[in-house]
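One structure below.
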Amino acid sequence: MDRFPDHDPQETQEWLDALEAVLEQEGPERAHYLLERLIDKARRSGAYLPFSANTAYVNTIPPAKEEHSPGDHAIEHRIRSYARWNALAMVLRANKNTNVGGHIASFASAATLYDVGFNHFWHAPSEKHGGDLVYIQGHSAPGIYSRAFMLGRLTEEQLDHFRQEVGGKGLSSYPHPWLMPDFWQFPTVSMGLGPLMAIYQARFMKYLHDRGVANTEERKVWCFVGDGEVDEPESMGAIGIAAREKLDNLIFVVNCNLQRLDGPVRGNGKIIQELEADFRGAGWNVIKLIWGSYWDPLLARDTKGLLQKLMDECVDGEYQTFKSKDGAYVRKYFFGKYPELLEMVANMTDDDIWRLNRGGHDPHKIYAAYSAAVKHKGQPTVILAKTVKGYGMGEAGESQNITHQQKKMGTISLKSFRDRFNLPIPDDKIEEVPYLEFAEGSPELNYMREHRMALGGYLPARRRKAEPLVVPPLSAFDAFLKASGEGREVSTTMVFVRLLNVLVKDKNIGKHIVPIVPDESRTFGMEGMFRQLGIWSSVGQLYTPQDADQLMFYKEDRNGQILQEGICEPGAMSSWIAAATSYSMHGVSMIPFYIFYSMFGFQRVGDLAWAAGDSRARGFLLGGTSGRTTLNGEGLQHEDGHSHLIASTIPNCVSYDPAFAYELAVIMQDGLRRMYTEQEDIFYYITLMNENYAHPAMPNGAEEGILKGMYLFTEGQADKETPKVQLLGSGTILREVIAAAELLKQDFGVASDIWSITSFNQLRRDGIETNRWNLLHPEAKPRLSYVESCFRERSGPVVAATDYMKVYADQIRAFLPKSYLVLGTDGFGRSDTREALRRFFEVDRYYVAVAALKALADEEMLPKAKVTEALKKYGINPDKPNPVTV
Ligand SMILES: Cc1ncc(C[n+]2csc(CCOP(=O)(O)OP(=O)(O)O)c2C)c(N)n1
Ligand SMILES: [Mg+2]
């Protein structure tokens, strides 16, 4: 308001009095209406009124509108105090003997926010309710364990093994479903992924409901977010989507303790005000939960708005400093700014002033905010709760910049913590930091149990399996196992789309398929599915599509099956994770197929792919237009030569680079079986290409090799005198290898065995496993890796060529008894024809032939002059610059 000088205070007062009268007699809704009309009138008359999404720095819900908690507050306080202590104890104890780290201050600030949720709001899955989903902030894990311990869900021994998981009794540092598959549901500790995944989870629940797959109506997604965490673009980047999709099943709780790891979040500003404007601007329902009940009488007496003015003026850096000091300091430096306010608190002691609490520590206010949030319709809700980082830690960390990593507390601090929370620990035991439990039959334990039972059971808890699905046998894909026939040249992408078409029509699993595309359907020839399956939209289609008169028009539908994500790979990946973990979160397996430009896959959303592994996701990722030379024309940013390498870093990601239709059919069928019938916690990454060619029939008995990673495609005919090579090819480059074998035979009389390598990644995994076994069983008969067993009775050097970096094929070197020469596409891509690119990157048939001759020459099976002859014959300049350097 200071921006506008008041030229006529009397007139101002008249308007304010008029408003006051409306508020009193007709209520706030009428007042709101009149104000909106006045603003509208002013704007229509040409006045420039810039939008402000901010309200005063006070609670959104006034005391008179607060819904009262039905809980027993004394009992809840005791429960919470024990929870605080145990959380702290497990970190201190874990660090006494080992140096494994842990966090105290985050949960200390959030304890009441969690406690109210556990006691009153969060449903576990039961007969009556599908269960709420709670994304817990990673660094609050000790507090969650602490509560589970008090309920008898975890033992003291487990608590003592916090962050010491190797022996099998430990507790994960953070929420990791991979490591604690019955407990944690969502991996959240990589900042920003929790909020992003929660938004798409809430959206996916609406999708499931609209499609009639699962009833998700009463269920909510709660997501706890750190105020520092909102710095991540992933945290804030999708909030507009949540509002647009009207996700009223979504509640964010931002724990605004004003600090992150190094220091203040917004020392010079106010994080709550900043977020209020961001979320309101995006269309969210915003509930500010700033001040606790002890402030209510002061605010009620603040008729001139001076206290509110001071609250507005004070920045977060100051608010943090206040809570690191004491009541006398707050009196002097906060209230002391205005003599009237100093007067207002004159009859309060310093202790009274210190007790003025923040909203996020007040169970009554939290209850009121939560109950308003769960009732709100038509919008997602964010609760901005102001708290104190390290609450209760006193001089050991409360509101101190160092507090985030504080994992030690001296005896004096522990004693004052004990006294502050009235904990029954005698002085002579304090240094042991004993865990506290409520005795069987105590009112506190009964209270905790009864409240959880009323809400359906314990949380967090994770479901490991759903009903298995009956997946089609390989014979359902019979058409793909035969040769495509003369003139029927198709890409593996087209083959995939046809396979998907078979699957969506399958009577057992058709309904479970979730095709996910980030605005690339036309790129992959999937536009036919728009009409056939429909694009899911919660409002259906409110317009006549431009192409309505065409067979394959752009159809949006409430029952649509396709998730069209727009140009948002992190969002598409989050949808995929929601679908891929649906077996656990919703008790019904979904089969997501997310297809993307391989270059905008793992390297764009790598950390989400890692979280998918941790989440035990089951589904298919399809890297379309894969390879450095196979996507002609697109150039450096599009041509991918390394996604398989990134895929190989995720332990439960199974990856393949098939060349032919039957390979893809075999791989997909087996993936369906493993993930949805056997319910293995793995997911698939399969690369697809856009090069059209004819597909041969499946060689007899090739299935096993296709799945293991290699099989003999054709055998070279050779007598004893004929030199022989083993040629390995992957993806479309297999076709260059096949052509190279022809050149070798015709031009140099060399015979080749040709192997199709469907996965160098899988071959390496098998080899590593075999070597490991041999290492640990030195006197047993050594086992052979699959690669070794393939080449045991084969002669001639081995040459491999792929459309990826050389290191991809190089992965099996250790398991090859012979010399091994690898061709690959290291370097930046560029646009040109496939032919020119393959020559440039030295992976075309001529280079394969030259490499084979060189390998034979190295083994003295051919004179070196033959290699020179081939270079000349195929027009290869030996002084051509290395493609990596240009
Ligand atoms: C992507 C990512 N970057 C950095 C970190 C390291 N880190 C862990 S906690 C933290 C500070 C968190 O502050 P805030 O979000 O405010 O949470 P608080 O502990 O204050 O509740 C940081 C930087 C991380 N876990 N994830
Ligand atoms: Mg913080």
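Order of listing sets the numbers, starting from 1, for every ligand and every atom in it.
- Heavy-atom contacts from other residues, nucleotides or ligands closer than 6.0 Å to NZ of Lys337 number more than 12.
- Ring centroid separation for the pair Trp184 and Tyr174 does not come in under the 6.0 Å cut-off.
- Residues with a heavy atom under 4.0 Å from ligand 1: Ser106, Gln137, His139, Val189, Ser190, Met191, Gly226, Asp227, Gly228, Glu229, Glu232, Asn255, Asn257, Gln259, Arg260, Leu261, Lys389, His404.
- Judged purely by distance below 3.5 Å, without hydrogens or angles, the side chains of Gln406 and His103 never pair a donor atom with an acceptor atom.
- Residues Phe596 and Tyr594 place their aromatic rings such that the two centres sit under 6.0 Å apart.
- For Glu76 (side chain) and Val116 (main-chain N/O), no donor-acceptor pair under 3.5 Å exists by modelled atom type.
- Aromatic pair Tyr329/Tyr333: centroids less than 6.0 angstrom apart.
- Test Asn255, Asn357, Asn257 against Thr387 for side-chain hydrogen bond (donor to acceptor under 3.5 Å, both in side chains) and you get one pass: Asn255.
- A salt bridge links Asp160 with Arg93: the distance from a Lys NZ or Arg NE/NH1/NH2 to an Asp or Glu carboxylate oxygen falls below 4.0 Å.
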(request) Please report the C-alpha distance between Glu398 and Arg420 in whole Å, then the side-chain angles of each, then the deciding distance to 0.1 Å, and finally whether the salt bridge (Lys or Arg N to Asp or Glu O under 4.0 Å) criterion is met. (result) CA-CA 13 Å; Glu398 192 153 344; Arg420 183 163 177 175; 2.9 Å; yes
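- Taking distances strictly below 2.8 Å, the protein N/O/S atoms close to the Mg ion (ligand 2) are Asp227 OD1, Asn257 OD1, Gln259 O.
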